[in-house]
> 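Structure incoming, see below.
Scope of the values below: all heavy atoms of this structure, side chains included, with no hydrogens, waters or symmetry mates.
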Amino acid sequence: DVPLYPMAQVQVKKADMVCVIGTSLQVYPAAGLIYEVFPKIPIFIIDPGQPSFTHRDSIRFIPMTATKGVPYWIDTYLSKNM
C-alpha cells in the first residue's frame with residue numbers, strides 16, 4: 001500500500017522532469033508511477049542495474065549507485081535546466 005499514491009500520480013503528471021533513484025521498477029503500485037509521466041518528459045533512472053522499463057525514448061539510464069549517480073545527474077542534467 002502506498003498511502004500518498006494518488007497525490008504522487010498528480011505530481012508526476014505535472015513534472016517537467018522525473019528522476020527515479022535506486023529501484024528496479026518491479027514493485028507495484030509505486031513502479032506504476034513511471035507510466036503516468038507524459039511521453040516527452042525526460043525520465044532519469046539512477047540505479048547500478050538496468051530496469052526492464054526501456055520502451056520510451058525519453059529515458060536516460062545512469063548506471064551508478066545513488067551516492068555517485070545523484071551528483072552526476074545534478075551536474076550533468078539538472079543544473080542545465082535550472
Side-chain angles (χ1 to χ4, degrees):
D1 187 35
V2 180
L4 299 177
Y5 190 82
M7 185 185 306
Q9 285 177 299
V10 170
Q11 294 303 313
V12 166
K13 289 178 182 179
K14 292 181 189 178
D16 56 357
M17 178 186 302
V18 173
C19 184
V20 178
I21 303 168
T23 181
S24 63
L25 296 174
Q26 299 297 310
V27 180
Y28 286 83
L33 287 171
I34 204 86
Y35 297 102
E36 304 286 339
V37 179
F38 286 112
K40 300 213 184 244
I41 299 300
I43 300 171
F44 298 90
I45 300 175
I46 301 172
D47 192 83
Q50 184 167 331
S52 60
F53 184 84
T54 59
H55 68 276
R56 286 179 60 163
D57 292 336
S58 63
I59 294 178
R60 300 290 176 261
F61 290 104
I62 300 173
M64 300 177 182
T65 62
T67 55
K68 292 183 181 182
V70 171
Y72 174 83
W73 172 67
I74 291 169
D75 292 342
T76 306
Y77 297 102
L78 190 59
S79 62
K80 293 178 183 178
N81 290 307
M82 295 179 95

> The criterion is side chain to side chain contact (heavy atoms under 4.5 Å, CB included); which residues satisfy it with Phe38, sequence neighbours excluded?
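Residues passing side chain to side chain contact (heavy atoms under 4.5 Å, CB included) with Phe38: Lys13, Ile41.
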> What about Ile45 and Tyr28, same hydrophobic cluster or not, with Ile/Leu/Val/Met/Phe/Trp/Tyr joined at side-chain heavy-atom distances under 4.5 Å?
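Yes: a chain of side-chain contacts under 4.5 Å links Ile45 to Tyr28.
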> What side-chain hydrogen bond (donor to acceptor under 3.5 Å, both in side chains) pairs are there with at least one residue in residues 60-70, not counting sequence neighbours?
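Counting only pairs at least two positions apart or across chains, the side-chain hydrogen bond (donor to acceptor under 3.5 Å, both in side chains) contacts touching residues 60-70 are Thr65-Thr67.
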> Where is the tightest heavy-atom contact between Pro42 and Asp16, given as atom of each residue plus distance?
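Minimum heavy-atom contact is CD-O, 3.5 Å.
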> Shortest non-hydrogen contact from Trp73 to Cys19?
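Taking Trp73 first and Cys19 second, the nearest heavy atoms are CZ2-CB, 3.6 Å.
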> For Ile46 versus Ala66, what's the shortest heavy-atom pair and its separation?
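Shortest heavy-atom contact: CG2-CA, 4.3 Å.
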> With sequence neighbours left out, which residue pairs that include part of residues 40-49 fulfil the side-chain hydrogen bond (donor to acceptor under 3.5 Å, both in side chains) condition?
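Sorted pair list comes back empty.
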> Is Val10 reachable from Met17 through a run of I, L, V, M, F, W or Y residues, each pair having side-chain heavy atoms under 4.5 Å apart?
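In one cluster: no.
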